[in-house]
Number of protein chains: 2
Amino acid sequence: MYGRVMARTAHASSAVPETAGSFPVTVDVVALTVRAGALHVLVVDRLLEPFRGQSALPGGFVLPGETLEQAAGRELEEETGLTVPARATGAGPWHLEQLRTYGPLGRDPRGPVLSVAYLLLAPAFGLPAAGGDAAEARWVPVGEEDERLAFDHGQILADGVERARAKIEYSPLAAAFCPPEFTVAELRGVYEAVWGTQVDARNFHRKATGTPGFLEPTGRLGGGGPGRPAELYRLAPGVDPTAAVLHPPLLRPVSPGRAAPSA
Amino acid sequence: MYGRVMARTAHASSAVPETAGSFPVTVDVVALTVRAGALHVLVVDRLLEPFRGQSALPGGFVLPGETLEQAAGRELEEETGLTVPARATGAGPWHLEQLRTYGPLGRDPRGPVLSVAYLLLAPAFGLPAAGGDAAEARWVPVGEEDERLAFDHGQILADGVERARAKIEYSPLAAAFCPPEFTVAELRGVYEAVWGTQVDARNFHRKATGTPGFLEPTGRLGGGGPGRPAELYRLAPGVDPTAAVLHPPLLRPVSPGRAAPSA
DNA sequence: GGCGGATATCGTCAAACTGACGACAACCCA
DNA sequence: TGGGTTGTCGTCAGTTTGACGATATCCGCC
């Protein structure tokens, strides 16, 4: 059962024990973006059993010789046409990070399957093209999923959204939703969309521009819409996308009736 | 190769595809406690290859039919004699949560192996008994590991410590290191040990006792040592151990030279 | 019993930060 | 040119922090 593993091993004394289980492993991707002021998640329609025809997060089985990140990128590209830039784990637009692992029991009718979930934060872009095991790929506003997602993907999505909501409180990660250069108002729009709340423009501007090591002015102006043109900023160079640069953090407004967020 | 999986499946159309990889899965546990004012981690000496004789985090292979949490608890008990209470994922002393998943490539000389790491926060207690695949189990002060840990356990430990340091900033999780009833000074000692910094007793007392939904006085006094006896507290009933009850959070002092923490 | 040492708890105060909101600047369109 | 819209800067009261003084209540010891 462990032929491949043992073939790479010099001594039998150093092989994986025979009593150990071996599990199929999938990666599932919670891909989030901000479109028209609302947080959207990327879902696909399943072409195959189980849960055929139902909506699901993009994902699939890890192939031998692949890393988990590679599998996440490959499945995303196969099923949705989305290509994750190689630098997506660095600073700037796009951010890919591991969320957590689910399973192996009670989540797949085919048997025990482990799923490693990834969280992708991406700028808005055109509708991706479906392919692979997926019939259609589309952005769905978070909270308006028309039906239950396949497997335990509803739980995975909830965990991913909560992770994103929590992380933009103290990290520069909100910029992962923005193009390389963006205005303070664009960044504020990300916070409002991800949190689902209103944020005061003046106080946000003070905090965002006044935090050392966060934003860097480009000197140029972003024009277009009505109103005074806004200054363009980019992320400060060399920022760790998950570093706690907002110190003290920018806390979400406490909705009186809502329970405290938990991780 | 997928006999077990397919045997549980009604239709071949709904089986795990044959191209999918199947991986041995281990769980590794970062067990932390506070002893004598310092953060300690539980390590074992390996009895078997690979890395025989070297220190490692307790852990081992997931068996068929087990959940990941069950495997973590079983390996911990087999190798160190430590029994994790069943309620360890609730509030109060002991806390077990998933950290993240490592692998499958380049971390085990036996071949591709996936490792799901868990973080355990526990009150101090007597030296556990070694057993199973481990020669000796012992508490080691974090930062004073005499040698490199086996596999990628050095990285896993660093990730676990950083998770603990970050989470006690906003959650009541520091109480997981304390007995069911504890004094404010004991709780402060946990913060000092985990963060490795000094915390002002008066300001900490104000914040800890003044935060709604965090501590609940028992009315009794904890005596013993020199000085005025302190009031005993317990966690407020029904608190989510990872809820953001400290709002705004209790931030670690910023060491001028140190880089900002990242997750 | 009294005293010094140690720890717990309560107060004080200036600095920083937040949240609410006024005011003005700089653009678009009609 | 004027009104609408959005960006940026200021003001101000209330909250929170960090630093630290002061007092309370225990211990051990003489």
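In the text below, chain A, chain B and the rest are named by the order of the sequence lines, each starting its count at 1.
Rounded to whole Å, atom P of D:dT17 lies 12 Å from atom CD of B:Glu169. The interatomic distance linking A:Glu186 (CD) with D:dT6 (C1') rounds to 13 Å, in whole Å. Summarising the geometry, the separation between CZ on B:Arg220 and P on D:dT25 is reported as 20 Å, rounded to the nearest angstrom. Rounded to a whole Å, the CD atom of B:Gln198 is 19 Å from the P atom of D:dT17. In this structure, A:Asn203 atom CG and D:dT15 atom P are separated by 16 Å, rounded to whole Å. For B:His247 and D:dT17, the NE2 to P distance is 12 Å, given to the nearest whole Å. One atom, CG of B:Asp200, and another, C1' of D:dG21, lie 12 Å apart when rounded to the nearest Å. Look at CG on B:Leu221: it is 17 Å from P on D:dA24, rounded to the nearest Å.
Ranked by how close their nearest DNA chain C nucleotide is to the 5' end, B:Thr209 and B:Gly227 are led by B:Gly227. When each of A:Thr183 and B:Leu251 is assigned the nucleotide of DNA chain D with its nearest heavy atom, A:Thr183 is the one assigned upstream, toward the 5' end.
Of the candidates D:dG7, C:dT9, C:dC21, C:dT9 carries the atom nearest the B:Ala201 side chain, counting heavy atoms from C-beta on. Nearest to the side chain of A:Arg228, among D:dT8, C:dG19, C:dT9, sits D:dT8. Checking D:dT25, D:dT6, D:dT17 against the side-chain heavy atoms of A:Pro226 singles out D:dT6 as nearest. Comparing C:dT18, C:dC27, C:dT9 by their closest approach to the side chain of A:Pro248 singles out C:dT18.
Using modelled atom types, no side-chain atom of A:Glu144 and backbone atom of A:Pro141 make a donor-acceptor pair closer than 3.5 Å. Remark: the backbone N or O of B:Thr242 is not paired with any side-chain donor or acceptor of B:Ser171 at under 3.5 angstrom.
Taking 4.0 angstrom as the limit, B:His205 places none of its side-chain polar atoms (N or O) nearer than this to OP1 or OP2 of C:dA8. Close to D:dT17, at under 4.0 Å from its OP1 or OP2, lies a side-chain N or O of B:Lys207. Taking 4.0 angstrom as the limit, A:Arg188 places a side-chain polar atom (N or O) nearer than this to OP1 or OP2 of D:dG7.
Taking only distance into account, the side chain of A:Arg206 meets the base of C:dG19 through a donor-acceptor pair shorter than 3.5 Å. With hydrogens and angles ignored, no donor-acceptor pair under 3.5 angstrom links the side chain of A:Arg202 to the base of C:dG19.
The only member of B:Thr80, B:Leu42, B:Val43, B:Val41 that meets side chain to side chain contact (heavy atoms under 4.5 Å, CB included) when paired with B:Arg138 is B:Val43.
Taking the six-membered ring for Trp and the full ring otherwise, the centers of B:Tyr191 and B:Phe204 sit less than 6.0 Å from each other. The distance between the ring centers of B:Phe177 and B:Trp94 does not fall below 6.0 angstrom.
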